Trainee: 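Let me begin by handing over the structure; questions about it come next.
Quantities reported herein were computed from a predicted structural model and do not represent experimental measurements. The figures here come from the full heavy-atom set of this structure, side chains too, leaving out hydrogens, waters and symmetry mates. Convention: sequence-line order gives letters A, B, ...; per-chain numbering from 1.
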Amino acid sequence: MKLPNSFYQRQNVTTIAKELIGKVLVTNVNNKLTSGIIVETEAYSYKERGCHAFKGMTPRNKVMFEEGGVTYVYLCYGIHHLFNVVTNQKDKADAVLIRALEPLAGQSIMQERMKTKSLNKITSGPGKLTKALGIDRNHNGLFLQNHEIWIEEGSSRVLAKSILASSRIGIDYAGEDAKLPWRFTLMGSEWVSGR
DNA sequence: TACGTGATCACG
DNA sequence: GTGATCACGTAA
């Protein structure tokens, strides 16, 4: 079952980021189905400096100002595509960055895209998982109710106490806000990114 | 630890 | 137009 729009349109982005742990991200790109269990997320709110939307709307971050339930994909460091889901109401530009997955369906397709014969760490990082699932900027602003990218309920329930909070990665420019404990990881998962 | 890589955005 | 910057990954 796809998560409904009401899941994404709630106000508290950290709650949504936590609840996304254990859910399953699915893509159907070029008729190739791939999926993974979400094991690492980060929350971003327009109210704090870590967020692309902090200084207002620009051509790049425009979709963050839509209603929750659409994708926000952008190119980072000229090389990596990063995948977010937009949350909250219209003009409340919050989003959750998906940072790591445990591979589920279509593992051989992911290996092909990553040019590796191993499964090890194949989706353990925000830039890697987009490549493995075939996500790029063409997938910016898509509705998560569509057939190309969506998130569905996982098969087993994740307990709140097995989710760890820590500070977000790679946002030193955000000053004090870089210390917010808005990165969430699944305790004990070997698929969490390692930076 | 260092650097590739190119879109983006705040300046003029 | 131009230049600094950047929510990373890999090799070393």
Trainee: Show me the dot-bracket string of DNA chain C, counting Watson-Crick or G-U pairs under 3.5 Å, with | for pairs to another strand and [ ] for crossing ones.
Mentor: ||||||.||||.
Trainee: Which atom names give the shortest non-hydrogen contact between A:Val73 and A:His81, and what distance separates them?
Mentor: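 Closest heavy-atom pair between A:Val73 and A:His81: CG1-CB, 4.2 Å.
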Trainee: In this structure, how many angstroms lie between the C1' atom of C:dC8 and the CZ atom of A:Arg168, rounded?
Mentor: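 A:Arg168 atom CZ is separated from C:dC8 atom C1' by 17 Å.
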Trainee: With A:Asp94 as reference, evaluate A:Asn12, A:Asn84, A:Asn88, A:Thr14 under the side-chain hydrogen bond (donor to acceptor under 3.5 Å, both in side chains) test and give the passing residue.
Mentor: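 That would be A:Asn88; it is the only one of A:Asn12, A:Asn84, A:Asn88, A:Thr14 passing the side-chain hydrogen bond (donor to acceptor under 3.5 Å, both in side chains) with A:Asp94.
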Trainee: What I want to check is whether the side chains of A:Asn120 and A:Ser118 have a donor and an acceptor closer together than 3.5 Å.
Mentor: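 No.
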Trainee: As a quick check of understanding, evaluate side chain to side chain contact (heavy atoms under 4.5 Å, CB included) for A:Ile149 and A:Ile135, giving each step before the final call.
Mentor: CA-CA 9 Å; A:Ile149 303 180; A:Ile135 299 171; 4.1 Å; yes
Trainee: How long is the line joining CG of A:Asn120 and P of C:dG9, in whole Å?
Mentor: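 The answer, rounded to whole Å, is 14 Å.
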Trainee: Looking only at atom types and distance, does a side-chain atom of A:Ser189 sit under 3.5 Å from a main-chain N or O of A:Leu186, one as donor and one as acceptor?
Mentor: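 Answer holds: no.
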Trainee: Could you measure the distance from the CD1 atom of A:Ile151 to the CE atom of A:Met1? Nearest 0.5 Å is fine.
Mentor: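 Atom-to-atom, A:Ile151:CD1 and A:Met1:CE are 14.5 Å apart.
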Trainee: So which atom in A:Val70 and which in A:Val63 form the shortest heavy-atom distance, rounded to 0.1 Å?
Mentor: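 Nearest pair, atom of A:Val70 first, then A:Val63: CG2-O, 3.9 Å.
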Trainee: Between C:dA7 and A:His52, counting only base atoms on the nucleotide and side-chain atoms on the residue, is there a donor-acceptor pair under 3.5 Å?
Mentor: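 Present.
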Trainee: Round to the nearest Å and state the distance from A:Tyr77 atom OH to C:dC8 atom P.
Mentor: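 Interatomic distance, OH of A:Tyr77 to P of C:dC8: 5 Å.
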Trainee: Residues from residues 82-97 of chain A sitting under 4.0 Å of DNA chain C, heavy atoms only?
Mentor: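 Result for residues 82-97 of chain A: A:Leu82, A:Asn84, A:Leu97, sorted by number.
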Trainee: Round to the nearest Å and state the distance from A:Lys131 atom NZ to B:dT5 atom P.
Mentor: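 That distance rounds to 13 Å.
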Trainee: Is A:Lys115 salt-bridged to A:Glu112, cutoff N-O under 4.0 Å?
Mentor: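 Salt bridge: no.
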Trainee: Going by an N to O cut-off under 4.0 Å, is there a salt bridge joining A:Arg168 and A:Glu48?
Mentor: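 A salt bridge links A:Arg168 with A:Glu48.
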Trainee: May I ask you to say what A:Gly127 touches in the nucleic acid, namely base, sugar-phosphate or nothing, with a heavy-atom cut-off under 4.0 Å?
Mentor: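 If one applies the 4.0 Å heavy-atom cut-off, A:Gly127 turns out to touch the sugar-phosphate alone, with no base involved.
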Trainee: Using a 3.5 Å distance criterion without hydrogens, assess whether the side chain of A:Ser124 forms a donor-acceptor pair with backbone atoms of A:Trp191.
Mentor: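 Yes.
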Trainee: In whole angstroms, how far is the P atom of C:dA4 from the CG atom of A:Asp172?
Mentor: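 Nearest whole value for this atom pair: 20 Å.
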Trainee: Okay, side chain of A:Asn146, backbone of A:Glu148: is any donor-acceptor separation there less than 3.5 Å?
Mentor: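 Not at all, since once roles are kept as given, no pair shorter than 3.5 Å links the two residues.
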Trainee: Taking atom CD of A:Gln145 as the centre, report whether more than 12 heavy atoms of other residues, nucleotides or ligands fall under 6.0 Å from it.
Mentor: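 Atom CD in A:Gln145 is packed in, count exceeds 12.
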Trainee: When the side chains of residues 16-23 of chain A are checked against the rest of the protein, which donor-acceptor pairs come out under 3.5 Å, sequence neighbours left out?
Mentor:
from    : atom 1 : to       : atom 2 : distance (Å)
A:Glu19 : OE1    : A:Arg10  : NH1    : 3.1
A:Glu19 : OE1    : A:Arg10  : NH2    : 2.8
A:Lys23 : NZ     : A:Glu19  : O      : 3.1
A:Lys23 : NZ     : A:Glu153 : OE2    : 3.2

Trainee: Between the protein and nucleotides 8-12 of chain B, are there any N/O to N/O pairs under 3.5 Å, and if so, what are the atom names and distances?
Mentor:
from  : atom 1 : to      : atom 2 : distance (Å)
B:dC9 : OP1    : A:Thr58 : OG1    : 2.4

Trainee: For the pair made of NE2 in A:His80 and C1' in C:dT10, what is the distance, rounded to whole Å?
Mentor: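 So the two atoms are 8 Å apart, to the nearest Å.
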Trainee: I need the CZ-P distance between A:Arg99 and C:dA7, as an integer number of Å.
Mentor: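 Distance, rounded to whole Å: 11 Å.
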Trainee: Consider the side chain of A:Tyr173, meaning its heavy atoms from C-beta on, and name the nucleotide among C:dA7, C:dG9, C:dC8 that approaches it most closely.
Mentor: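 Comparing C:dA7, C:dG9, C:dC8 against the side chain of A:Tyr173, the answer is C:dA7.
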Trainee: Enumerate the residues from residues 108-117 of chain A whose closest heavy atom to DNA chain B is under 4.0 Å, giving them by residue number; use none for an empty result.
Mentor: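 Nucleic-acid contacts, sorted: none.
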Trainee: Provide, to the nearest angstrom, the distance between the CD1 atom belonging to A:Ile98 and the C1' atom belonging to C:dC8.
Mentor: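 In whole Å, C:dC8 C1' lies 16 Å from A:Ile98 CD1.
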Trainee: Can you tell me if A:Thr27 uses its side chain to pair, donor with acceptor, with the backbone of A:Leu133 under 3.5 Å?
Mentor: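 Here the side-chain-to-backbone pair exists.
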Trainee: Answer with yes or no whether the side chains of A:Glu40 and A:Ser193 bring together a donor and an acceptor at under 3.5 Å.
Mentor: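 A donor-acceptor contact under 3.5 Å links the two side chains.
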Trainee: Residues from residues 35-51 of chain A sitting under 4.0 Å of DNA chain C, heavy atoms only?
Mentor: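 Here the set is A:Tyr44, A:Gly50.
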Trainee: Examine A:Tyr74 together with A:His52 and report whether their ring centres are nearer than 6.0 Å.
Mentor: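 Yes, ring centres under 6.0 Å apart.
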